Amino acid sequence: MVFPTSAEDKKFYDDYPTIYHLRYKLMTEDEKFDLREVYLAIHHIIKYRGNFLYNTSVKDFKASKIDVKSSIEKLNELYENLGLDLNVEFNISNTAEIEKVLKDKQIFKRDKVKKIAELFAIKTDNKEQSKRIKDISKQVANAVLGYKTRFDTIALKEISKDELSDWNFKLSDIDADSKFEALMGNLDENEQAILLTIKELFNEVTLNGIVEDGNTLSESMINKYNDHRDDLKLLKEVIENHIDRKKAKKLALAYDLYVNNRHGQLLQAKKKLGKIKPGSKEDFYKVVNKNLDDSRVSKEIKKKIELDSFMPKQRTNANGVIPYQLHQLELDKIIENQSKYYPFLKELNPVSSHLKEAPYKLDELIRFRVPYYVGPLISPNESTKDIQTKKNQNFAWMIRKEDGQITPWNFDQKVDRIESANKFIKRMTTKDTYLFGEDVLPANSLLYQKFTVLNELNNIRINGKRISVDLKQEIYENLFKKHTTITVKKLENYLKENHNLVKVEIKGLADEKKFNSGLTTYNRFKNLNIFDNQIDDLKYRNDFRKLQ
């Protein structure tokens, strides 16, 4: 209970069917609300504060923004860096049309996929290249709209049938994040960036579907509540008037499973509905479509399902894309509105460096995160009688500046970020098995990447012969130092053009199409256009080692 009596409690829930109704009223109505109501709203905002994927200023944040142009420009650049024999390029002139289709709520979702795939694809005279672009465009459209996607097609990976389930999934799946992370380990830096760019676009599209143009987060959630309520009336009408009572019961059971997700209902549902995931919108839609009658109301429901707008829920897996900025905007409005009656709400943020982005003390509770490199907020040598704390100290490495309780407002006074970060790196660094007592080199260091490239070059044979030291150095200087990824085709073309070879056959690579190693760090520094030729100067070697 929120209030002392059941009558007061009932009135509260009648006035505010969901927490978003309360949040919206606190933001918009100029009156003194019960302090318990203010607390409940702020508690909800902080508890479900959202992700930290965007660095955009809170004041400048626009939830409805879908930036297709930037995504296509980035994808075109990343595919070009792959150094493919048949380059992949998307049509940048259609970005405005793609954004329009994505935001149009009157286009059926399956039609959106088809239209977007067509708008993405650029036409070329090369049939093989056109087919590749068309295939990738279709999968990109699937990914962005939350359909099942062949990520192996997007990343241009050849996989076995046994691996297909790992590469074919929806970004809207409950376990999508873990599946996506698993893929990252099988890809190089460019391929990872391609998938991350597509995932970012999916997040933007999903967020646009949650928070409508011009609305606050709470307004959008209230609209979902109202739409769900109206759609439930339609479903109940079908259930009540359905001639086939078995189908009517299936509709009722499917709805219960969709909104309640209870174990007992799941057992019953398996007997009557077959394989169904509790809370799954897709499974709910399938069951509803199968069991509707031919009435006018059923036709209306079918249309809503095709538009992907039937019975939206406030709490879904998609809410993971909501950024903290949207919640902070609402918190600040509530503080500004209610601080007239409760002045302590407007207490300034003690962290002076954050005042511009987080003016109030309560704002810091939303935007603050313990940095991953600091780890558990326990000192390894801290004296304690608590058994659990002692156990946790085995996994702690934090370095303190001073004793005392750590809070979001005094974190930098109590914790030494730099020393904690150094300790975090050192505790993960292993010792070399050849040079005893020496730390291993980082995988992305200039020196280690040079070693892996030369080592891979040592193993190749050109037209059945090992390559000479001079040719190895030539390839290293003229190809690896200029391109992030070196394909077999690129090396073949180089040898034909510069060594007058008519036929080139390259053997000895683990991957038949490209080198697995590359000078990614060297080329990244080089492309910054800051260091000029300093990166090749030995006297700056230690300086660059520290920058890595």
Side-chain angles (χ1 to χ4, degrees), residues 77-78 81-83 155 157 181-196 372-373 397 418-462 466-488 490-491 494 506-548:
E77 183 183 343
L78 289 166
N81 289 343
L82 291 179
K157 289 287 182 184
E181 282 300 315
L183 293 190
M184 293 291 105
N186 300 311
L187 304 172
D188 65 25
E189 193 176 5
N190 261 306
E191 292 162 350
Q192 286 178 355
I194 287 169
L195 294 198
L196 286 168
Y372 67 90
Y373 52 81
W397 62 88
I418 294 171
E419 285 305 312
S420 296
N422 286 336
K423 197 166 181 181
F424 167 69
I425 295 296
K426 285 177 182 176
R427 72 193 294 272
M428 293 195 304
T429 305
T430 56
K431 298 297 180 182
D432 198 282
T433 54
Y434 293 98
L435 302 172
F436 294 109
E438 295 294 328
D439 291 333
V440 295
L441 287 168
N444 289 328
S445 67
L446 291 166
L447 186 58
Y448 186 71
Q449 286 188 345
K450 181 178 182 179
F451 165 76
T452 57
V453 166
L454 293 174
N455 193 48
E456 197 169 8
L457 279 169
N458 274 337
N459 294 325
I460 70 167
R461 285 178 171 80
I462 298 173
R466 285 189 176 276
I467 63 173
S468 65
V469 174
D470 289 341
L471 180 56
K472 183 169 67 173
Q473 289 299 321
E474 183 186 332
I475 294 168
Y476 179 84
E477 291 290 332
N478 296 334
L479 282 180
F480 282 92
K481 276 191 169 185
K482 293 178 181 177
H483 305 281
T484 304
T485 303
I486 305 300
T487 62
V488 169
K490 190 173 283 185
L491 178 55
Y494 175 82
I506 298 167
K507 297 288 184 182
L509 289 170
D511 186 330
E512 293 180 0
K513 293 187 176 180
K514 64 180 177 66
F515 284 81
N516 287 327
S517 51
L519 303 178
T520 54
T521 304
Y522 175 91
N523 283 297
R524 195 182 297 122
F525 278 133
K526 198 84 171 176
N527 291 335
L528 288 174
N529 295 323
I530 297 172
F531 304 111
D532 297 323
N533 296 321
Q534 292 167 333
I535 193 169
D536 292 309
D537 194 328
L538 291 178
K539 70 180 181 182
Y540 295 112
R541 179 184 288 176
N542 288 331
D543 296 317
F544 281 107
R545 191 176 293 166
K546 291 174 184 177
L547 286 172
Q548 290 164 187

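Since the structure is predicted, the reported quantities are computational estimates derived from the model, not experimental observations.
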- [ ] Flag yes if more than 12 heavy atoms outside K157 fall under 6.0 Å of its NZ atom; otherwise flag no.
- [x]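 Counting neighbours around NZ of K157, more than 12 heavy atoms of other residues, nucleotides or ligands fall under 6.0 Å, so yes.
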Open item on the list: Taking OH in Y448 as the centre, count heavy atoms belonging to other residues, nucleotides or ligands within less than 6.0 Å. Is the count above 12?
Closed with: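 Open: at most 12 neighbouring heavy atoms sit under 6.0 Å from OH of Y448.
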Contacts of [X] that satisfy salt bridge (charged side-chain N to carboxylate O under 4.0 Å, His left out) - sequence neighbours left out:
X: K423; value: none
X: E77; value: none
X: E456; value: none
X: E419; value: none

Atom pair [atom1]/[atom2] of [X] and [Y] - distance to nearest 0.5 Å:
X: I506; Y: E512; atom1: CD1; atom2: CD; answer: 12.0 Å
X: N422; Y: I425; atom1: CG; atom2: CD1; answer: 8.0 Å
X: N81; Y: E189; atom1: CG; atom2: CD; answer: 9.5 Å
X: T487; Y: L82; atom1: OG1; atom2: CG; answer: 9.5 Å

Open item on the list: Under 3.5 Å, is there a donor on one side chain and an acceptor on the other for Q449 and S517?
Closed with: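 No, because no side-chain N or O of Q449 sits under 3.5 Å from a partner of the opposite role on S517.
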- [ ] Show your reasoning for whether side chain to side chain contact (heavy atoms under 4.5 Å, CB included) applies to L454 and Q473.
- [x] CA-CA 8 Å; L454 293 174; Q473 289 299 321; 4.1 Å; yes
Open item on the list: The criterion is side chain to side chain contact (heavy atoms under 4.5 Å, CB included); which residues satisfy it with T485, sequence neighbours excluded?
Closed with: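 For T485 the side chain to side chain contact (heavy atoms under 4.5 Å, CB included) partners, ignoring immediate neighbours, are D188, N190, K514.
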If you compare all heavy atoms of [X] against all heavy atoms of [Y], which two are closest, and at what distance to 0.1 Å?
X: L196; Y: M184; answer: CG-SD, 4.4 Å
X: E191; Y: L187; answer: OE1-CA, 3.4 Å
X: I467; Y: I462; answer: CG2-CD1, 3.2 Å

Task: Beyond-backbone contact of L446 with L519, side-chain heavy atoms, under 4.5 angstrom - done: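 Sidechains of L519 and L446: no contact.
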Open item on the list: Contact between V488 and F515 at the side-chain level, heavy atoms closer than 4.5 Å - yes or no?
Closed with: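 The answer is no; the side chains never approach within 4.5 Å.
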Open item on the list: Pair F480, I475 - check side chain to side chain contact (heavy atoms under 4.5 Å, CB included), show working.
Closed with: CA-CA 7 Å; F480 282 92; I475 294 168; 3.9 Å; yes
Open item on the list: Could you walk me through whether L471 and L457 satisfy the side chain to side chain contact (heavy atoms under 4.5 Å, CB included) test, starting with their C-alpha distance in whole Å, then the side-chain angles of each, then the deciding distance to 0.1 Å, before giving a yes or no?
Closed with: CA-CA 10 Å; L471 180 56; L457 279 169; over 6 Å; no
- [ ] Mind jotting down which residue pairs meet the salt bridge (charged side-chain N to carboxylate O under 4.0 Å, His left out) criterion with at least one end in residues 467-477? Sequence neighbours excluded, please.
- [x]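 As it turns out, the salt bridge (charged side-chain N to carboxylate O under 4.0 Å, His left out) pairs with a partner in residues 467-477, which skip direct neighbours, are E477-K481.
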Open item on the list: Using modelled atom types and a 3.5 Å cut-off, is there a donor and acceptor pairing between side-chain atoms of R466 and backbone atoms of I460?
Closed with: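 No.
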TODO: Output yes when a side-chain donor or acceptor of W397 lies under 3.5 Å from a complementary backbone atom of K426, and no otherwise.
DONE: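 Absent.
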